[in-house]
Amino acid sequence: MSTVDSLFDAAGPRARRRIRILTVLSLLGIAGLAAVVLLRFGQAGQLAADRWVEFTQGPYLIFLLAGLGNTVTAAAASAVFALPLGLVLALGRLSVRTPLRRLATGWIEFFRSVPLLLVVYIFVSGLPQYGINPDIFWKLVIPITLCSSAVMAEIFRAGIKALPAGQSEAGLSVGLSRGQVMRSVVLPQAVRIVVPSMVAQLVVLLKDTTLGYAVSYPELMKTSNNLTAYTNHLIQTYLIIAAVYVVTNVFISHLARYLERRMSGRAARIGQEALEAGFG
Amino acid sequence: MDQLLTTYLDELLAGLWVTARLTAVAFFGSLVVGTAVAACRVSPIVPLRAVGRLYVDLFVNIPLISLLVVVTFGLPDIGITFDLFSCAAISMILLGGAFTCEAIRTGVNAVSVGQVEAARSIGLDFFGVLRFVLFPQAFRSVIQPIVNVFIGILLSSSLAGVIGVKDLTLQVSEINNEAALGLTTYLLAAVAYVVISLLAGGLGARLEERLRVQR
């Protein structure tokens, strides 16, 4: 029972009647709202079947699937690079060597508080002035990697700190070095705790790849934008693409929550911190 | 650097002003919407609960750019148009409301059940429980999550540039396209974002410290 639920008594006959009335009223309100939206679409002629069924046709689907493929590639590449980088940064921030710790802390704080789009622009039109001009794919993936490595570092750090101190103390007292304690006692447990949060982080990566829209990397958003230039069916295309993102992300979030439930409350707490980092 | 400050200072300041305005509007809008959605999610009225859950699931998971594009370029198709700044603000409030709702819910649930039960058992009525026991404690545990939402809104305000709102990031990008001043312009903007984020974080930490229960 949550704190919020404990605020209310079980409803008596009068409260139950009031709740029933309000339920009916709210249902009517919701139905009315839905009707207004549909009417709007209808009046503007946007409900015409040919504006929607085209998305079930082969060529359209193949076109959009290619975009989805690029989205997944970019997100996966970012994850592959950001995960180890995040782990290294977390270890750096927890290091006993001061310069290393300062460097890692500075990196993490900087990339956590700079907009991803600004970093992308640096790679798209800042660095080419110095002759650094990689493929557009990397101009998107490297900034995403930099920014999300900072968030992942914080998740790893939270996982490491969530372990009872007795774990590393026990390791040290049987004669292991600090490095050995980290490698064979702390990390194997910490990594397991953060798995759900890392899965949830995939949602953020998928969202981040939509910045491809701003820099013309042909991921799903940009592809759908190209498609609208051809069909001119803007609202249909963008709504369907938004739905694709929402369904995918809801699926990933549910997977993360399922993994979280199988573990202890420690994973849940870290997961909450990760959610707050996932804006945008 | 000289050329940057003499020629483009106005543009930079204008961009910073738009970013600040957009962040402020979106943040306070998010607080209002988030509180309303959180109230829906805990109300005893089932359809409202369902709408609240759907709202959060929808807007926590939609990418901001996707929503921006729907609002800015999609809605005119059914005859609804706003100016660009409003489009950005509306999209960010819709998203921010969902995140704020979750922050509030976690904060309230962080207060232990026993507190509410104890307050009720000494005879406080519903609003008494809220005013004297639940809110003072929930407010404390909600500060840090809300600060995170604020920083999230600040950083995502840069995406408004994608639909043509001339915020700091877009200004910097345009200055660079015009004058190719190297990394200086970008770093200047980055510093502005970092400073605002750190200020918000520091303010939140101080507020939390001041409201901490002395045990």
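Residue numbers start from 1 in every chain, and the chains themselves are labelled A, B, ... in the order their sequence lines are given, proteins ahead of strands. Every value quoted in this text rests on a predicted model; they were computed, and no experiment measured them.
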What part of Gln43(A) is in contact with chain B, defined as an atom under 4.5 angstrom from a non-hydrogen atom: side chain, backbone, both or neither?
neither
Test your reading of the model: is there a side-chain donor-acceptor pair from Asn249(A) to the backbone of Asn61(B), 3.5 Å cut-off?
yes
Evaluate Leu118(A) against Tyr193(B) for side chain to side chain contact (heavy atoms under 4.5 Å, CB included), listing each step before the verdict.
CA-CA 10 Å; Leu118(A) 191 69; Tyr193(B) 283 109; 4.2 Å; yes
Leu75(B), part contacting chain A, at a heavy-atom distance under 4.5 Å:
both
Less than 4.5 Å to any heavy atom of chain A: does that hold for the side chain of Ser112(B), its backbone, both, or neither?
backbone
Interface residue of largest heavy-atom contact number with chain A, from Val42(B), Val162(B), Val69(B), under 4.5 Å:
Val69(B)
Quick one: does Arg40(A)'s side chain get under 4.5 Å of Ile80(B)'s, heavy atoms only?
yes
Quick one: which of Ala242(A), Ala44(A), Ser113(A) has the most heavy-atom pairs under 4.5 Å with chain B, could you say?
Ser113(A)
Using non-hydrogen atoms and a 4.5 Å limit, figure out which bit of Phe126(B) sits close to chain A: side chain, backbone, both or neither.
side chain
For Phe41(A), I'd like to know if atom CZ has over 12 heavy atoms of other residues, nucleotides or ligands within 6.0 Å.
yes
Structural part of Val203(A) lying under 4.5 Å from a heavy atom of chain B:
side chain
To the nearest 0.5 angstrom, please state how far the CG atom of Asp208(A) sits from the CG atom of Leu64(B).
11.5 Å
Give a yes or no on whether the backbone of Leu67(B) and the side-chain of Tyr238(A) come within a donor-acceptor separation of less than 3.5 Å.
no
For Trp17(B), I'd like to know if atom CH2 has over 12 heavy atoms of other residues, nucleotides or ligands within 6.0 Å.
no
Surrounding CZ of Arg21(B) (heavy atoms of other residues, nucleotides or ligands, distance under 6.0 Å), is the total greater than 12?
yes
Chain B contact via Ile30(A) - which portion, at a heavy-atom distance below 4.5 Å:
side chain
What's the separation between atom OG1 in Thr210(A) and atom CG in Leu68(B), rounded to the nearest 0.5 Å?
9.5 Å
Measuring from atom OG1 of Thr228(A) to atom CZ of Phe73(B), what distance do you get when rounded to the nearest 0.5 angstrom?
9.5 Å
Under 4.5 Å from any heavy atom of chain A - which part of Val51(B):
side chain
Side chain from CB out, backbone as N, CA, C, O: work out which of these in Val129(B) comes under 4.5 Å of a heavy atom of chain A, or both, or neither.
side chain
Here the gap from Asp57(B) atom CG to His254(A) atom NE2, rounded to the nearest 0.5 Å, amounts to 5.0 Å
Roughly how far, to the nearest 0.5 Å, is the CG atom of Asp77(B) from the CG atom of Leu234(A)?
5.0 Å
Considering only heavy atoms, which portion of Tyr213(A) lies under 4.5 Å from any heavy atom of chain B: side chain, backbone, both, or neither?
side chain
Under a 4.5 Å heavy-atom cut-off, does chain A meet the side chain of Leu130(B), its backbone, both or neither?
side chain
How many angstroms lie between atom CD1 of Ile19(A) and atom CG of Leu48(B), to the nearest 0.5 angstrom?
11.0 Å
Note: vs chain A, highest number of non-hydrogen pairs under 4.5 angstrom among Leu198(B), Leu183(B), Leu170(B), Val108(B) is Leu183(B)
Return yes if some donor-acceptor pair links the side-chain N/O of Asn176(B) with the main-chain N/O of Ser125(A) below 3.5 Å, else return no.
yes
Considering only heavy atoms from C-beta outward, does the side chain of Leu155(B) approach that of Leu116(A) to under 4.5 Å?
no
Flag yes if more than 12 heavy atoms outside Phe127(B) fall under 6.0 Å of its CZ atom; otherwise flag no.
no
Let's test your reading of the structure: which of Ser197(B), Pro47(B), Ser66(B) forms the most heavy-atom pairs below 4.5 Å with chain A?
Pro47(B)
Provide the closest heavy-atom pair for Lys207(A) versus Val60(B) in the form atom of the first, atom of the second, distance.
NZ-O, 2.6 Å
So, do Leu211(A) and Leu159(B) sit near enough that their side-chain heavy atoms are less than 4.5 Å apart?
yes
